[in-house]
Number of protein chains: 2
Amino acid sequence: MRFETSTIKDIAKALGLSTSTVSRALRDRYEISEETKKLVLAYAEKVNYRANPIALSLKERRSYSIGIIVSEIANNFFSQVINGIESIAYDRGYHVIISQSHESHKQEKLNVEHLASRSIDGLLIALSSETQDITYLRNLYSKGLPIVFFDRVPEDFDTHKVIANNFKGSFDATEHLILSGKRTIAHLTNSENLSITKERLKGYQAALAKYHIEFKPELVKYCQHGGMHSAELEQAVKELLPYKPDGIFISSDRLTTGCIMALKKTNPEVAHKIAIAGFTNSNLVELFSPSLTSVKQPAFEMGQVATELLISMIEAKREITEFETKILDTELVRMQKNIGNRFL
Amino acid sequence: MRFETSTIKDIAKALGLSTSTVSRALRDRYEISEETKKLVLAYAEKVNYRANPIALSLKERRSYSIGIIVSEIANNFFSQVINGIESIAYDRGYHVIISQSHESHKQEKLNVEHLASRSIDGLLIALSSETQDITYLRNLYSKGLPIVFFDRVPEDFDTHKVIANNFKGSFDATEHLILSGKRTIAHLTNSENLSITKERLKGYQAALAKYHIEFKPELVKYCQHGGMHSAELEQAVKELLPYKPDGIFISSDRLTTGCIMALKKTNPEVAHKIAIAGFTNSNLVELFSPSLTSVKQPAFEMGQVATELLISMIEAKREITEFETKILDTELVRMQKNIGNRFL
DNA sequence: GACGTTTTTGGGAACGTTTGCACACTTTTT
DNA sequence: AAAAAGTGTGCAAACGTTCCCAAAAACGTC
């Protein structure tokens, strides 16, 4: 069974014209007489003609589609980024193809190469927490595939990047904990090789320093799998508790929710005694118990900005040599004591 | 700037062979001598040759990609379905293209037609809550586009469908509320024209009937936009409260979280007094306060089953006349009093 | 060594488009 | 009346593949 549509050839045959005439009439070229144009347009309308994008892609060697790689679409941050990407892409006539790495380097590479071979015009990617070696991306890039990184970006890769102001977001969150009287503030974070991990650690340290609180490395726990494995997370929490933290600053969406979950599960008696501040774009934060202070990333906007940069690369006439790293501000949503904790 | 890859032509030229020979060598056809095959394969490997899928699509008039339409990817249920779809699709050599309707009929139609014109081989769709008129889908279907519906399915459309056992899920949830002593149980639900709305209403009614509780239409509130507009939801909740419900059964993911949110916002003093049971696939349910009993749909499995059915349609030699409607069981996750309510 | 087989290779059309070029016809200019 | 210019159309190539068909090469057989 095959999906059948009418082609330019069908129209040409039906109208006794050549394919070139039909093509030109449809594209409203000046060479074609008004009369013929009307005829063709009317008939095309009648048979509901749609140009075959596959044929166009082959001809023009581009597909008007852009690839997206995120670790997980079931993640508020990423799904919001995707919405931002779509909002711009569709306006500019591009289609998006979404792939998930599930935080696996292997899967990420596989997906990117699949996308590349499917003639995407450009790639938007947030690296998986496992990824360290990005030579495969360098290869594609050097062959002419435009790439824009967002959120999790590599350090030494000369292209456009869009990130949140991770330093400031972390600083603010940590400071908030300090100002609410916490002094033993742990830091639960992602894989050490991610850019966001490093930046957020710095913000945390800076806030501690500002208030003359000693930075203790043993209070920092890294989760290689970014919260994908609950066992890893529970282990980290377990290792943290003996230090009796009165606050935890958590550096990613999945880890934040996962950590609260782990706390409730393994140590319900302390779960409500530890103040939590963490990165998350969940729109359900208000429902959480214990409640928390959250750092919201401008996800939608990030998607938009990244897409604009990518399309500008795709459509650039000459080679681009000047690249930007856009930094967008995060938003601190303070714990709502009057709601979330009313019932404690 | 254009993305450059090596083609069969390049290989042919480099090796002094014809394109046909190269093509056959790469596809390991019997006609080609071992020697030539080795030569070609080695060279192809060296230049990292990848067949151009666009060219293949044009030639074979199929794209090995399947379209997905859901209302929102930032919805646990749908993102889990998508994961299920992907798990099967990739195994079978298909790529997926995801589009969101955002519960808008217009957007849904636009997206479907865009996908169709991009030569998808088949379509997996959960209708938007607005959708009533599906003639556009009938047209595509009659032109030979295989379609499988999941979750939100139309009544009179002869094709494969995959749904949850909505009746039983609703029955169980409502019965659970009754068994915990609730007698005035409201029902907050989606747009009236969705299949799931009707089925879930029936389950709710049946449970009431079993325990000889009178069904009161005024306790049922429909949300046309499926919880996309918080105003609509707040209004519904506001209209419900005067009846002093001691339990609410809610029939969709978004509505469930939205309703709790609305309750907390507008009437925090009663939020914890009303028992809530609702459909949701959120993996954060354990964090919610007030806690709730949830009906979990087998989302991942639903995606898998739907995809298998779709691929069987795509790859069918002859026309299919027998269609199935697969019904998958839901899971009732009871409120965990020992955790969620400990701090009430 | 002539002929028939078998094995291996190449030519060219096709998938649906766009577009440079050439052609035919009409109109204008000289 | 002839040349030039303008208008409208068609031919054919190209994008990267696959595959039917034919051709060439290699091998046996008598």
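What you see is a predicted model; the values in this text were computed from it and never measured. Just so it is clear, the values below take in all heavy atoms, side chains as well, and ignore hydrogens, waters and symmetry mates. A note on names: the letters A, B, ... follow the listed sequences, proteins ahead of strands, and every chain is numbered from 1.
Atom CG in B/L58 sits roughly 9 Å away from atom P in C/dT17 (whole-Å rounding). One can place CG of B/N52 at 18 Å from P of C/dC15, the figure rounded to the nearest angstrom. Taking atom CG of A/L39 as the reference point, atom C1' of D/dG8 lies 14 Å away to the nearest angstrom. Look at CD on B/E34: it is 11 Å from P on C/dT9, rounded to the nearest Å. In this entry the distance linking CD of B/E31 with P of C/dT7 reads 11 Å, nearest Å. The OH atom of A/Y64 sits 12 Å away from the P atom of C/dT18 (whole-angstrom rounding).
Looking at A/R24, its side chain comes within 3.5 Å of the base of D/dG10 through a donor and an acceptor atom.
Residues B/R29 and A/S18 each lie close to DNA chain D; by heavy-atom proximity, the contact nearer the 5' end of the strand is made by A/S18. Mapped onto DNA chain C by nearest heavy atom, A/T19 and B/K59 fall at different nucleotides, with B/K59 at the one closer to the 5' end. When each of B/I32 and A/L26 is assigned the nucleotide of DNA chain C bearing its nearest heavy atom, the one mapping closer to the 5' terminus is B/I32.
Within 4.0 Å of B/I8, counting heavy atoms only, lie sugar-phosphate atoms of the nucleic acid but no base atom. Counting non-hydrogen atoms under 4.0 angstrom, B/S23 reaches a base of the nucleic acid. A/T7 comes within 4.0 angstrom of sugar-phosphate atoms only, judged by non-hydrogen atoms across all strands, and of no base. Within the 4.0 angstrom heavy-atom criterion, only backbone atoms of the sugar-phosphate kind lie near B/T36; the bases stay farther away.
A/L123 has its side chain out of reach of A/Y141: every pair of non-hydrogen atoms, C-beta onward, lies at least 4.5 Å apart. By the 4.5 Å heavy-atom criterion applied to side chains, A/F149 and A/H160 are not counted as neighbours.
Counted by atom type alone, B/S191 and B/E130 present zero donor-acceptor pairs between their side chains at under 3.5 Å.
Distances shown here put a side-chain N or O of A/K9 below 4.0 Å from the OP1 or OP2 atom of C/dC15. At the phosphate of C/dT19, neither OP1 nor OP2 sits under 4.0 Å from any side-chain N or O atom of A/Y30. Here A/S20 does not reach the OP1 or OP2 of D/dT9: none of its side-chain N or O atoms lies under 4.0 Å away. Applying the 4.0 Å criterion to OP1 and OP2 of D/dT9, one finds that A/S33 has a side-chain N or O inside that range. OP1 and OP2 of D/dG16 both lie 4.0 Å or more from every side-chain N or O belonging to B/R50.
Ranking C/dT17, D/dT17, D/dT9 by closeness to the B/L56 side chain, first place goes to D/dT17. Residue A/L17 has its side chain nearest to D/dG10 when only C/dC15, D/dG10, D/dG8 are considered.
A tilted orientation is assigned to the rings of B/Y64 and B/Y94, their planes being inclined by 30° to 60°.
Using a cut-off of 4.0 Å between Lys/Arg side-chain N and Asp/Glu carboxylate O, A/E31 and A/R29 are scored as not salt-bridged.
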